[in-house]
Amino acid sequence: MLSKLRIGKLVSCSLRRRICERRFLVTSNAFSESTVVAAESPELPSWIKDFLSNKPSSSNLVTDDEDFVIPSLAGWVEGQKFSGGEEVNVTKKPMEDIDKVCEFLNKKDASHWEVVKELSGCDVEVSESLVLQVLRRFSNGWNQSYGFFIWAKSQTGYVHSGKSYNAMVDVLGKCRNFDLMWELVNEMMKCQECGIVTLDTMSKVMRRLAKSGKYSEAVDAFLEMEKSYGVKTDVNGMNSLMDALVKENSIEHAHEVFLKLFDIIKPDSRTFNILIHGFCKARKFDDARTIMDLMKVTEFSPDVVTYTSFVEAYCREGDFRRVNEILEEMRENGSKPNVVTYTIVMHSLGKSRQVAEALGVYEKMKEDGCVPDAKFYSSLIHILSKTGRFKDAAEIFEDMTKQRVPRDVLVYNTMISAAVHHSRDEMALRLLKKMEEEESCSPNIETYAPLLKMCCQKKKMKLLGVLLHHMVKNDVSIDVATYILLIRGLCMSGKVEEACLFFEEAVRKGMVPRDSTCKMLVEELEKKGMAETKFKIQSLVQSKVMTTKSESPPLPVT
DNA sequence: CTAGGGTTAG
């Protein structure tokens with residue numbers, strides 16, 4: 001038993017040999033039995049045909065498909081009229097209602113009042129679950145979701161729940177419409193029974209403000225919330241605020257809050273850990289130490305979380321000597337590294353190309369009786385894939401079931417991204433399909449990003465359409481980052497017309513791509529001699545910049 | 001509401 005965890009010397013010679021021989025990996029029969037990683041059949045799998053149920057006559061989906069003409073994009077992206085014809089298989093119960101609503105919402109995207117007007121002809125029965133689904137599906141288009149929200153409120157027999165209000169508040173905050181967001185919070189205070197504004201609501205508000213760099217406003221929201229909305233300003237709220245500030249890169253504001261409220265709100269161990277994490281993240285190690293010392297003179301003492309923050313920070317610096325020192329200090333103080341600590345160290349070693357050492361951490365962790373979890377596996381899969389060991393990555397993925405660790409979205413996302421990286425397009429799509437069978441594993445925007453990128457690069461226009469449709473069905477709303485990905489990707493593949501359609505749609509939704517993307521598109525149009533379209537795009541950018549500049553700061557970089 | 005991912009560039 002090693003008394004000290006020495007990263008550099010962690011791996012004994014024999015262990016190192018075993019690792020090199022890959023004996024630590026599962027046997028290969030597990031691999032061949034797998035359904036996901038099975039040899040990729042040349043035939044078009046039936047589930048892809050399911051995807052394509054609107055176009056049953058389609059030919060080979062995963063090969064190039066140059067001559068496919070993109071229909072109306074508006075229908076692709078937030079609607080359901082992909083290319084006419086019958087509905088795709090309906091899985092969720094309120095699906096029909098949501099599709100009706102979608103159709104209405106796609107007709108109008110001018111202002112939310114017009115959306116409200118438009119919806120008067122919509123005959124669906126509003127329920128909380130429908131509202132939440134619509135808000136999720138349109139979480140990047142506030143005038144549509146807000147229009148729907150207002151309309152729903154006017155329906156007889158329906159009253160918005162606190163949950164629905166919170167979701168709406170979050171969407172408005174996400175779209176940086178803070179005026180409307182506050183208006184809604186105030187409305188919650190007025191028209192419903194008391195107590196509908198909760199810490200949940202205020203946490204969303206503070207987080208969204210912090211995300212937009214409005215740190216002081218986030219702090220004020222917290223300080224005022226008891227007086228204005230009756231939400232107690234206790235340690236939980238303070239932690240939520242400080243965590244938001246730290247995560248959005250203002251340890252300064254978090255520290256200020258801490259000092260200001262120290263005598264009024266008694267901090268708990270989380271408060272200290274949030275601060276320490278913040279200072280570590282900002283590479284202010286002395287300050288982090290100071291807080292840790294302060295922690296020691298209270299009733300709390302540094303724990304795994306505290307030390308792990310330091311471990312992570314030194315890992316990021318590539319200073320593994322310091323990492324060892326921290327691990328030693330941790331042990332001396334009676335804390336043992338846990339799965340999070342091990343994940344961080346392993347991932348960091350893998351990133352700095354010390355793969356054998358990284359895998360040694362895996363061994364060491366198992367020796368310590370520490371059980372890997374889904375996030376750990378995700379890191380491991382990523383490292384293996386990045387170093388070209390795709391097959392090993394796939395084996396680990398398969399082995400998770402045997403280890404009784406349920407896969408989560410992140411694991412799937414990592415595996416899909418790895419498959420795309422290694423040109424295993426069909427496997428990537430099979431994985432996406434397999435996600436549907438898994439519990440609590442719905443795809444998110446990150447699931448689709450590598451797949452969409454692949455479509456753009458390989459000019460698979462039909463598959464691109466299918467995926468966009470799939471996204472809508474899964475209530476994944478397209479954000480700015482995705483539009484940028486599509487526009488740039490299509491531009492680089494010479495698909496300018498398609499890029500323009502996405503550009504127009506993005507602008508129509510109030511999501512103006514960044515300068516470099518606009519420039520890229522305009523240059524591409526110039527090159528192709530499409531002067532008219534070029535002019536159209538340019539004036540589109542001009543008008544949007546004018547209208548949006550006054551009310552909101554530049555779009556997030558993400 | 002405490003610590004872990006990845007995305008983006010020719």
Touch class at under 4.0 angstrom, heavy-atom based, for Tyr307(A) against every strand present | nothing

What nucleotide among dA3(B), dG4(B), dG5(B) has an atom nearest to a side-chain atom of Thr308(A)?
-> dA3(B)

Nucleotide nearest Arg270(A) when distance is taken to its side chain, options dG4(B), dT2(B), dG5(B) = dT2(B)

Would you please classify the geometry between the Tyr362(A) ring and the Tyr377(A) ring as parallel, tilted or perpendicular, with 30° and 60° separating the classes?
-> perpendicular

Hey, does Lys247(A) reach any base, or is it just sugar-phosphate, or nothing, if we go heavy atoms under 4.0 Å?
-> sugar-phosphate

When the ring centroid of Phe285(A) is compared with that of Phe310(A), is the distance short of 6.0 Å?
-> no

Parallel, tilted or perpendicular for His255(A) and Phe258(A), by the 30°/60° rule?
-> parallel

Please give, in whole Å, the distance from dT7(B) C1' to Tyr448(A) OH?
-> 17 Å

In this structure, which one of Lys281(A), Lys211(A), Lys214(A) forms a salt bridge (charged side-chain N to carboxylate O under 4.0 Å, His left out) with Glu248(A)?
-> Lys211(A)

From the candidates dG5(B), dT2(B), dG4(B), the one with an atom nearest any side-chain atom of Asp243(A) is dT2(B)

Of the listed dC1(B), dG5(B), dA3(B), the closest approach to the Asn239(A) side chain comes from dC1(B)

Given atom CZ of Arg207(A) and atom C1' of dC1(B), what is their separation to the nearest angstrom?
-> 7 Å

Reference residue Cys370(A); test side-chain contact (heavy atoms from CB on, under 4.5 Å); the match among Val339(A), Thr341(A), Val340(A) = Val339(A)

In whole Å, what is the span from the CG atom of Leu327(A) to the P atom of dA3(B)?
-> 19 Å

Remember a base hit wins even if backbone is also touched, and classify Asp373(A) as base, sugar-phosphate or nothing at under 4.0 Å, heavy atoms.
-> base

Heavy atoms under 4.0 Å, any strand shown: does Asp303(A) hit a base, just sugar-phosphate, or nothing?
-> nothing

Could you check whether Lys386(A) gets within reach of a base, just the sugar-phosphate, or nothing at all, counting any heavy atom under 4.0 Å?
-> sugar-phosphate

Dump the pairs, protein N or O against N or O of nucleotides 8-10 of chain B, anything under 3.5 Å, distances to one decimal.
| residue | atom | partner | partner atom | Å |
| --- | --- | --- | --- | --- |
| dT8(B) | O5' | Lys453(A) | NZ | 3.2 |

Within 6.0 Å of NE2 in His422(A), more than 12 heavy atoms from elsewhere | yes

Would you call Glu312(A)-Arg316(A) a salt bridge at under 4.0 Å N-O?
-> yes

Atom CD1 of Ile274(A) to atom P of dA3(B): distance rounded to whole Å?
-> 7 Å

To the nearest angstrom, how far is Lys281(A) atom NZ from dT2(B) atom C1'?
-> 13 Å

Nearest listed nucleotide, side chain of Leu410(A), among dG5(B), dA3(B), dC1(B) = dG5(B)

From CE of Met292(A) across to P of dA3(B) the rounded distance in Å is 17 Å

Heavy atoms under 4.0 Å, any strand shown: does Val246(A) hit a base, just sugar-phosphate, or nothing?
-> nothing

Distance, rounded to the nearest Å, where Phe376(A) contributes CZ and dA3(B) contributes C1' = 16 Å

Residue pairs meeting salt bridge (Lys or Arg N to Asp or Glu O under 4.0 Å), one or both in residues 373-385 of chain A, sequence neighbours left out, come to none

In whole angstroms, how far is the C1' atom of dC1(B) from the CG atom of Leu261(A)?
-> 15 Å

